[in-house]
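What follows is a short report on a single structure.
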Amino acid sequence: QVQLVESGGGLVQAGGSLRLSCAASASIFSINDMGWYRQAPGKQRELVAAISTGGSTKYADFVKGRFTISRDNAKNTVYLQMNSLKPEDTAVYYCNAQTLVGGFWGQGTQVTVSS
């Protein structure tokens, strides 16, 4: 069973940066893909970025050139470096891990960007 522990959220001024971390623990299964999603009040949860075991990445159009996802397989941790933050980025950010027996979600971390 996978448990995901997130950190790094907070309040930042527009144009600033944050780095989110998500560590997966207590799993006997291979984690094939990890990613970050976000959800703002009244809106659907949407993919922000994802990364495979081999390091292949994909990004939502609205974060390309600003956010970078990376993965440390030895630590079973995924990171999201968020630069040039905009007020529109304000949302709860969730970590996701896909394994051979299904998907798992973190608790979510609030990111708030002031104008």
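Numbers here simply count residues along the sequence, with the first being 1.
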Query raised in the report: Hey, does Val12 have a side-chain heavy atom less than 4.5 Å from the side chain of Thr112?
Result: no

Requested in this report: Kindly give the heavy-atom pair with the smallest separation between Ala91 and Gln110, and that separation in Å.
Outcome: O-NE2, 3.4 Å

Report task. Return each pair, listed once, that meets disulfide bond (SG atoms under 2.5 Å apart) where at least one residue sits in residues 39-70; pairs must be two or more places apart or across chains. Result -> none

Report task. Scan side-chain atoms only and decide if Arg45 and Tyr37 contain a donor-acceptor pair under the 3.5 Å cut-off. Result -> no

Query raised in the report: Can you name the one residue among Asp72, Ile69, Leu4 that meets side chain to side chain contact (heavy atoms under 4.5 Å, CB included) with Val78?
Result: Ile69

**Report entry** Heavy-atom side-chain contact between Lys86 and Phe62 under 4.5 Å
**Finding:** no

Query raised in the report: Below 4.5 Å, heavy atoms only, C-beta onward: do Arg71 and Met34 meet side chain to side chain?
Result: yes

Query raised in the report: Between Glu6 (side chain) and Cys95 (backbone), is there a donor-acceptor pair under 3.5 Å?
Result: yes

Query raised in the report: Does the side chain of Asp89 reach to within under 4.5 Å of the side chain of Arg38, using non-hydrogen atoms?
Result: yes

Query raised in the report: What's the shortest heavy-atom distance between Met82 and Val111, and which atoms?
Result: CE-CG1, 4.2 Å

Report task. Can you label the angle between the Tyr93 ring and the Phe67 ring as parallel, tilted or perpendicular, going by 30° and 60°? Result -> tilted

Query raised in the report: When you measure from the centre of the six-membered ring of Tyr79, is the NZ or CZ of Arg19 under 6.0 Å away and within 45° of the axis?
Result: yes

Requested in this report: Kindly indicate, with the supporting measurements, whether the criterion side-chain hydrogen bond (donor to acceptor under 3.5 Å, both in side chains) is fulfilled by Thr90 and Glu88.
Outcome: CA-CA 5 Å; Thr90 296; Glu88 305 93 275; over 6 Å; no

Query raised in the report: Do you know which two heavy atoms are closest between Ala14 and Pro87, and how far apart they sit?
Result: CB-CD, 4.1 Å

Query raised in the report: Do Val92 and Leu47 sit in the same hydrophobic cluster, where Ile, Leu, Val, Met, Phe, Trp and Tyr count as joined when their side-chain heavy atoms come under 4.5 Å apart?
Result: yes

Query raised in the report: Within the distance-only criterion (no hydrogens, no angle test), does the side chain of Arg66 pair as donor or acceptor with the backbone N or O of Ser84 below 3.5 angstrom?
Result: yes

**Report entry** Side chains of Thr109 and Gln107, donor plus acceptor under 3.5 Å
**Finding:** no

Requested in this report: Check Gln98 against Asn96 and note the closest heavy-atom contact, atom names and distance.
Outcome: NE2-OD1, 2.9 Å

Query - Verify same cluster id: Tyr94, Leu18 (apolar side-chain graph, 4.5 Å) - result: no

Query raised in the report: Within the side chain of Asn76, is there an N or O that forms a donor-acceptor pair under 3.5 Å with the backbone of Ser25?
Result: no

Report task. Name all pairs fulfilling the side chain to side chain donor-acceptor pair (under 3.5 Å) condition that reach into residues 51-60, sequence neighbours left out, sorted by first residue then second. Result -> none

Report task. Give the minimum heavy-atom separation between Trp36 and Cys22, together with the two atoms involved. Result -> CZ2-CB, 3.6 Å

Query raised in the report: Where is the tightest heavy-atom contact between Lys64 and Asp61, given as atom of each residue plus distance?
Result: NZ-OD1, 3.3 Å

